[in-house]
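Scroll down for the structure; my scribbles are underneath it.
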Amino acid sequence: MMLSDRRPILLANARIIDPSRDFDIHGDLLIADGQIREAKRGIGAAGVPEGTEVIDCRGKIVAPGLIDMRAFIGEPGAGHRETLATASEAAAAGGVTTIICQPDTSPAIDDPATVDFVLRRARDTAIVHVHPMAALTKGLAGEEMTEIGLLKAAGAVAFTDGAKSVTNAQVLRRALSYAADFDALIVHHTEDPYLIGDGVMNESEFATRLGLLGIPKAAETIMLERDLRLVSLSGGRYHAASITCAESLDVLRRAKDAGLNVSASASINHITLNENDVGPYRTFLKVSPPLRAEDDRKFLVDAVKNRLIDVVMSDHNPQDVETKRLPFAEAAAGAIGLETMLSAGLRLVHNGEIDLMALLRAASTRPAELLGLPGGTLKNGAPADVIVVDADVPWMLDPADLKSKCKNTPFDEARMQGRVVRTIVTGRTVYEYL
Amino acid sequence: MNIAPPSSFVLNRRHLLGIEGLSAAEISGLLDLAEEFVELNRQIEKKRASLRGRTQINLFFEVSTRTQASFELAGKRLGADVMNMSASSSSMRKGETLIDTAITLNAMHPDLIVVRHHASGAVELLANKVDCSVVNAGDGAHEHPTQALLDGLTIRRNKGRIEGLLVAICGDITHSRVARSNIMLLNAMGARVRVVAPSTLLPTGIERMGVEVARDMREGLADADIVMMLRLQKERMNGSYVPSMSEYFHFFGLDAKKLAYAKRDAMVMHPGPMNRGVEIDSAVADGVQSLIREQVEMGVAVRMAVLEALSRNLPNA
């Protein structure tokens, strides 16, 4: 499975970007024993241990591997859609060196044994790091909190009901209070299911023309506002799982200004696509929360840039033909994203909407900080989870090339500019673009 | 038996999936062709042979009486072999997907498939998977193009024109494919369109679809030449969208008193099936200003025109 052994690696003559230090230089990066040894100008082939593999990275970028804070994987229970193994292949091909998998599995990841199962399966089958988030409530039912302390000890990095919102405010309040004692992060999908109703896409003129029932932005903003008031009541660390609209950004900004311990993610889909991309009922563009208007997209990108939005995640959600080749209203929500999130993000960089440092910070450094993981940095001694990026190489996304078991990508046959050309996990090259 | 039709109109497209995208010339062409079939349908000998040898499948995933009957008669009068399939008897019940159904039917080499489905966009999805012509007989809340065409024909025959008329469409706009198709057809033909409904039944952004919006019947029907009522499903009158049937009838049901807000010579339409006493009073539905029965007659003629115009474009036509 591994493409190379653990010889030291020198990534030479690269542009090295380390968002954990706002560090952007031309130089060399030395990796040995699974760790980053040094990143500086002019290490050169002379100053490296014997047997070092020297890789010329002229014209390319070296950065910390991405940490994808929200990916739905089918294991356990829906291995026909995605396994930890296939997800990790997809991740490696997309420059993601750590996957944070969501507890919406069957059974749900809501007890320590299941956390242990996922960690062991990942150890045995995955080529990148995998850390599960555990369920916030038992069976994701939104009623009783899970064993937060034991789950954290077993290795859960955060607590969430995945794609579901906890509608009972009392349940969330108590969970926030209790989790605070363990310094556990609570990640919450903010959409009021009653306001969603039968809605299937953003509520707008466009939905009306398609004859599809809409989901108002208020479904998200109201839930977010409620949550942030609960955080001010209970304390605790809170993370909004997927913010999609300008109104939610205002609410989030107020909470941050008030000093609450809150953070938020936006998905790569919401910062690169808008509701018009749904076009003639394209179900691959049906995601939850729905794609919003172009103005919202622009505000989200700005929010990533100015750090109001902390994290950009893939929202990877494999769905097969049985759940996608259906009329729009009946199709499942979700799009795969592990393999495309970096290339999609590079579109924004090429368009001048965001700089590479900000994009990489939101997709590696910030998630590591929020989850307490050691990656997301190129500091000496950090784990050697590193990517080499050719920001300019043109390529076309052919669904047949995707490593993911499901091909529900919103970037079907899209022309891309820039991609990962090498992915290194703990000092081993796990992916190379040839 | 075969009187050559004077109109040689060809709908230069493979499918009729909606009114959206049709030009005024195409709509007029279809209406002109339909006029000929109105005459034919009033004769004793109603048969034509223009679809002889053709196979037409009526695939109805949602129950329908008048639309399905109307398409069946239309096809048979043009000489096609018509097969009806409905959800209750089809393998959809056994869990087969829409696309599998499409692929299965396609293998039987039909020339025309008429589809009704409860989901918006479903007919287009099916059309992408078959080699024959597809006619949308209603998809979710999206489009019902033959209904709009028959409404247009009914209006034109009674008012002599469509352009310049004020048409008030009243009722459940949110869930209505009839409203959407009519808004597009009437706009294309130069009519003024006004939608009239309580706010809960008006979809977001409707005012940007080329309509005026009114929320009460007095304002909504003022100066209207045509009052087009829509059906309101019973499950939407239990407090979910409007408080009750009686409150809805009180404010939005069309009775003689409210009809008097419209022009003196205003005509009343309804796509059926009607909820008498809910959205329309029987006295109005059966009154002198009602065109409701004529709409049904026009339905057969318009569907013949659509099938004929599409078939002229089929391979080997």
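Residue numbers start from 1 in every chain, and the chains themselves are labelled A, B, ... in the order their sequence lines are given, proteins ahead of strands.
In the displayed structure, B/Arg14 atom CZ is contacted under 6.0 Å by more than 12 heavy atoms of other residues, nucleotides or ligands. Enclosure of atom NZ in A/Lys407 by more than 12 non-hydrogen atoms of other residues, nucleotides or ligands within 6.0 angstrom is indicated.
Using a 4.5 Å heavy-atom cut-off against chain B, the contacting residues of residues 190-214 of chain A are A/Glu203, A/Ser204, A/Glu205, A/Thr208, A/Arg209, A/Leu210, A/Gly211, A/Leu212, A/Leu213. Heavy-atom neighbours of chain A within the stretch residues 167-192 of chain B, taken at a separation under 4.5 angstrom, comprise B/Thr174, B/His175, B/Arg180. Using non-hydrogen atoms only and a strict 4.5 Å limit, the part of residues 320-329 of chain A facing chain B consists of A/Arg325, A/Leu326, A/Pro327, A/Phe328.
To the nearest 0.5 Å, the span separating OH on A/Tyr281 from CG on B/Asp139 amounts to 5.5 Å.
Listed by first and then second residue, the salt bridge (charged side-chain N to carboxylate O under 4.0 Å, His left out) pairs involving residues 267-278 of chain A amount to none (not counting sequence neighbours).
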